[in-house]
Protein chains: 2
Amino acid sequence: MLPVLGQLVRFLRQIDSPDNPSPVSLAVLRRLDRDGPARVTDLARLERASQPGMTQLVGRMEKAGLVRRAPDPADGRGVLVEVTGEGRDVITRTHARYEATLDELFDTLDETDRAAIVAALPALERLARAATDRQA
Amino acid sequence: MLPVLGQLVRFLRQIDSPDNPSPVSLAVLRRLDRDGPARVTDLARLERASQPGMTQLVGRMEKAGLVRRAPDPADGRGVLVEVTGEGRDVITRTHARYEATLDELFDTLDETDRAAIVAALPALERLARAATDRQA
DNA sequence: TATTGTTATACTCTATAACTATA
DNA sequence: TATAGTTATAGAGTATAACAATA
């Protein structure tokens, strides 16, 4: 199972594009889009990155216009990171690109295989959630 | 489907360990173990890396004792890269670690979900192969 | 000339340690 | 003192360009 997943994801990652966000960057964007603004410390913890690493990533993303920083009104030490419209566009474009490639591969399979994968998706999603929860 | 795969694999990658080979490094080790010695150029092509990148990766792996280099008797320009016993040990340990973690997650699912995933594995494997073939 | 591999160089990403500002 | 964030610095990983050796 493991080599299967590894092959798939390394392939997806190699889909080149002008604005190819790193996996962590995309994960941060998706999280901000889904859950709203978050502090650097929380992003670092949730994405299993160091706090300085997250500061730097957020810095690069801000420079690229994907997020913006604002002081946390509730805590003078804190910073709230928020996704921008351009950040949301990147999420949309990246997902569209990946989905298109996946669909293309998917179409090379026969009906039986496609049905088996579709039937397993909810279970795989729960497996992924178990993995995520285990981290926290 | 994509976020599911992304979550799973990023999680697996975060399993920390004293000797955590990079994904490409592990892929090279597995290939050498499965198919025998290979030239740098072929490894670069097969793993979608640049030739200098593969030279450097093989250099690091050789330094770590995972592979050895030997002149290609059939071509004075070529170098044959071969996995060592220690390299095979790393494959075994890494897979064991990953499989153990996957099993642990797997056990949190109910019987229906587990069956669905098991049933989809051959299809997922063909999907991964389609991805790999598309590269070549 | 073409191919194999390496070296030179640079850039991205990430980490640990040291520091600043606020609680 | 503890926490939030940043800066300083270093290392892994990978790329393109230039080079050396062999076909």
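Each chain gets a letter, A, B and so on, in the order its sequence line appears, and its residues count up from 1.
- OP1 and OP2 of D:dT3 both lie 4.0 Å or more from every side-chain N or O belonging to A:Thr41.
- B:Arg77 has its CZ atom 8 Å from the C1' atom of C:dA2, to the nearest Å.
- Whole-Å rounding puts the B:Arg45 CZ to C:dG5 P distance at 11 Å.
- For A:Gln51, the side-chain hydrogen bond (donor to acceptor under 3.5 Å, both in side chains) test picks out A:Thr41, with sequence neighbours left out.
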Which atom pairs, one a donor and one an acceptor, fall under 3.5 Å between side chains of residues 73-84 of chain B and the rest of the protein, sequence neighbours left out?
unit_1  : atom_1 : unit_2  : atom_2 : d
B:Asp75 : OD1    : B:Arg77 : N      : 2.9
B:Asp75 : OD1    : B:Arg77 : NE     : 3.1
B:Asp75 : OD2    : B:Arg77 : NH2    : 2.9
B:Glu82 : OE1    : B:Arg68 : NH1    : 3.3
B:Thr84 : OG1    : B:Gly65 : O      : 2.6
B:Thr84 : OG1    : B:Leu66 : O      : 3.0
B:Thr84 : OG1    : B:Glu86 : N      : 3.4
B:Thr84 : OG1    : B:Gly87 : N      : 3.0

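- Using a 4.5 Å cut-off on side-chain heavy atoms (C-beta onward), B:Leu57 and B:Leu43 make no contact.
- Protein atom CG of A:Leu43 is 13 Å distant from nucleotide atom C1' of D:dG5, rounded to whole Å.
- Nucleic acid contact class of B:Asp75 (heavy atoms, under 4.0 Å, all strands): sugar-phosphate only.
- The CG-P distance, from B:Asp72 to C:dT3, rounds to 17 Å in whole Å.
- Taken from CG in A:Leu29 to OG1 in A:Thr94, the straight-line distance is 8.0 Å, to the nearest 0.5 Å.
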Margin query: Counting primed atoms plus P, OP1 and OP2 as sugar-phosphate and everything else as base, spell out the protein contacts along nucleotides 6-14 of chain C at 4.0 Å heavy-atom distance: B, S or - for each nucleotide, 5' to 3'.
Written below: BBBB---SB
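- Remark: C1' of C:dA15 and CD of A:Glu47 are 17 Å apart, rounded to the nearest angstrom.
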